[in-house]
Amino acid sequence: MMVRVAIIGGSGLYKLLENPKIVKIDTPFGSCDVHIGKLGDEEVAFIPRHGASHELPPFRVNYKANLYSLNMLEVERVIATNAVGAINPNLEPGTIVVPHDLIDMTKCRETTFYDGKTTIRVRGREVSGVVHVSMTPHTYCPEVRSSIIEAAESVGMSVKDGGIYVCTEGNRFETPAEIRAFSILGGDLVGMTGCPEASLARELALCYASISIVTNYAAGVSGRVKLTHKEVLDIFSRRLGDLTVLLGETIRRIPRQRSCACKDALSEFLK
Ligand code: HPA
């Protein structure tokens with residue numbers, strides 16, 4: 001059976017499926033263990049982004065192997081989850097946000113598949129030449145985003161529709177001055193894993209949207225003084241049940257046929 005939807009689980013989401021089959025996929029960028037199993041009635045793929053026991057810090061995650069393995073499985077839609085800090089003081093810890101745009105402030109990550117050396121194949125077709133994908137008109141897939149929003153409404157769960165996600169390199173949390181700067185730039189949320197994941201997905205014409213759980217006020221917001229990773233995981237774990245319900249309901253609602261522009265992201269570069 002074809003797997004059409006994948007979930008990339010962030011901090012706090014390491015196990016989603018009951019008795020999954022774990023498939024090791026070897027890609028030109030490294031290997032990736034993809035868990036395949038049922039969520040509700042549907043067979044889905046799941047990748048715990050930080051490894052099965054949170055052994056990978058954000059800068060060591062092999063984003064390229066993760067996304068390329070989903071490409072090799074011919075997955076079409078990706079839902080990512082991540083823990084974030086609130087730059088916007090109106091977003092209380094515990095809030096679930098579906099961001100609509102992002103700002104990439106990472107510094108030393110590999111950001112593209114198109115390095116001029118590796119042959120990239122997407123759904124059996126080779127992609128060649130100098131490839132610059134577009135992040136407009138939608139940074140995140142509009143169909144997956146609206147499926148998440150509608151899924152939340154249908155189960156009476158409150159989620160915030162829209163927000164600008166800022167991705168930092170880490171590994172440390174930010175300084176108050178950095179958060180103030182991101183706020184002036186329009187950022188609402190800050191995390192360490194949304195980039196280059198979102199644009200790598202676009203580079204493979206995968207639909208991609210994200211569900212962010214606010215685990216804390218970011219540095220300097222609402223008097224925030226010290227931040228700990230334990231606090232991030234504690235707050236995340238409180239919403240884990242809701243997140244699982246939301247993911248299951250979203251998958252049921254994602255249209256079978258893709259009508260968004262994500263599928264055409266490479267049309268001018270396909271051989
Ligand atoms: N900053 C960066 N990443 C995060 C934060 C934060 O405040 N909270 C959870 N992930």
Side-chain angles (χ1 to χ4, degrees), residues 7-14 16 47-51 53-63 66 79-109 111 139-140 159-160 162-200 208-244 246-247:
I7 295 149
I8 301 180
S11 295
L13 184 59
Y14 313 113
L16 180 69
I47 298 176
R49 189 190 284 116
H50 297 281
S53 48
H54 203 124
E55 64 274 16
L56 296 172
F59 68 94
R60 282 199 44 222
V61 171
N62 191 339
Y63 298 94
N66 291 354
I79 311 168
T81 75
N82 36 48
V84 293
I87 299 171
N88 179 339
N90 298 324
L91 299 172
E92 275 178 32
T95 308
I96 298 180
V97 185
V98 185
H100 74 286
D101 209 345
L102 62 81
I103 301 176
D104 186 354
M105 299 299 255
T106 61
K107 296 173 184 163
C108 35
R109 300 185 186 186
T111 54
T139 302
Y140 294 97
V159 301
K160 170 94 174 42
I164 296 181
Y165 174 101
V166 179
C167 192
T168 59
E169 182 63 38
N171 208 23
R172 61 170 174 80
F173 290 118
E174 303 70 36
T175 68
E178 286 168 338
I179 294 298
R180 222 164 32 244
F182 299 154
S183 167
I184 293 165
L185 294 178
D188 296 297
L189 312 164
V190 61
M192 299 178 197
T193 54
C195 300
E197 204 171 75
S199 53
L200 287 172
Y208 178 97
S210 191
I211 302 176
S212 295
I213 300 204
V214 177
T215 53
N216 56 279
Y217 290 112
V221 175
S222 281
R224 146 68 59 198
V225 189
K226 186 162 188 297
L227 176 58
T228 64
H229 187 54
K230 179 176 178 308
E231 175 184 346
V232 168
L233 295 179
D234 283 352
I235 301 286
F236 194 94
S237 69
R238 282 194 219 158
R239 296 305 310 258
L240 192 55
D242 287 339
L243 180 62
T244 308
L246 183 57
L247 286 168

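As the structure lists them, so they are numbered: ligands from 1, and atoms in each ligand from 1. Computed from a predicted model, the values in this text were never measured in an experiment.
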Name every donor-acceptor pair, under 3.5 Å, that has one atom in a side chain of residues 166-174 and the other anywhere in the protein, sequence neighbours excluded.
from	atom 1	to	atom 2	distance (Å)
T168	OG1	E174	OE2	3.0
T168	OG1	G191	O	3.4
E169	OE1	K107	N	2.8
E169	OE1	C108	N	3.1
E169	OE1	R109	NE	3.3
E169	OE2	R109	NE	3.4
R172	NH1	E178	OE1	2.9
R172	NH2	E178	OE2	2.8

Using a 3.5 Å cut-off and no angle test, enumerate the donor-acceptor pairs between side-chain atoms of residues 180-188 and protein atoms at least two apart in sequence or in another chain.
from	atom 1	to	atom 2	distance (Å)
D188	OD1	N88	ND2	3.1
D188	OD2	I164	N	2.8

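Electrostatic pairing of R238 and D234 does not count as a salt bridge here, judged by no charged N lying under 4.0 Å from a carboxylate O.
Shown here are the side chain to side chain contact (heavy atoms under 4.5 Å, CB included) partners of E92, two or more places apart in sequence or in another chain: T95, Y217.
Side chains of V98 and Y140 form no contact here, defined as non-hydrogen atoms less than 4.5 Å apart. Residues Y165 and S212 form a side-chain contact, since some pair of their non-hydrogen atoms from C-beta on lies under 4.5 Å apart.
Protein residues are said to neighbour a ligand when one of their heavy atoms lies under 4.0 Å from it; for ligand 1 these are A83, V84, G85, F173, E174, V190, G191, M192, T215, N216, L227, V232.
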